Amino acid sequence: MKSDKEILAERAKSYGPASPMFKAIGTIQWENFKFLSQKLDGREPTPVELGQVAALNMSVVKMVRSIQNPKDPDHAIDGRNYWTISEEI
């Protein structure tokens with residue numbers, strides 16, 4: 001079985017260094033949460049709203065990974081599916 005460090009090294013070959021990618025993902029997702037918070041105007045989010053934001057935030061991961069490695073079709077496929085999940089929620 002591969003170690004966590006070996007797996008991360010393999011992923012870095014496909015996606016580049018983790019730090020800039022996670023900074024981009026975190027920045028976009030933080031803006032999503034702030035936008036939702038403004039929309040809620042002080043009330044608690046419903047399970048549906050939380051589910052939608054979670055699915056959309058997963059699509060952000062795929063979007064950033066697609067920028068890093070656009071030839072991997074998995075990112076677009078998964079990204080579309082996360083949008084569909086958000087819609088179905």
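Note that this is a predicted model, so its numbers are computed, not measured.
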Closest non-hydrogen atom pair between [X] and [Y], with its separation:
X   : Y   : result
Q68 : S14 : CG-O, 4.1 Å
E49 : R43 : OE2-NH2, 2.7 Å
E6  : M1  : OE1-O, 4.4 Å
S59 : G79 : CB-O, 4.1 Å

Please check this pair: side chain of [X] against backbone of [Y], looking for a donor-acceptor N/O pair closer than 3.5 Å.
X   : Y   : value
S86 : Y82 : no
N69 : R65 : no
T84 : R80 : yes

Linking I/L/V/M/F/W/Y whenever their side-chain heavy atoms sit closer than 4.5 Å, directly or via other members, would [X] and [Y] fall into one cluster?
X   : Y   : answer
I85 : M58 : yes
M63 : Y15 : yes
F35 : I28 : no

Decide yes or no for [X] and [Y]: does some side-chain heavy atom of the first lie under 4.5 Å from some side-chain heavy atom of the second?
X   : Y   : answer
W30 : K34 : yes
R11 : M21 : no
N32 : L36 : no

side-chain contact (heavy atoms from CB on, under 4.5 Å) between H75 and I67: does it pass, once the steps are laid out? CA-CA 9 Å; H75 307 310; I67 291 168; over 6 Å; no

In Å and rounded to the nearest 0.5 Å, what is the OG1 to CD distance from T27 to E31?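 Here the rounded value is 7.5 Å.
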
If you link ILVMFWY side chains whenever their heavy atoms are less than 4.5 Å apart, which other residues fall into the same cluster as I7? By chain and number, please.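 Listed partners: none, I7 stands alone.
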
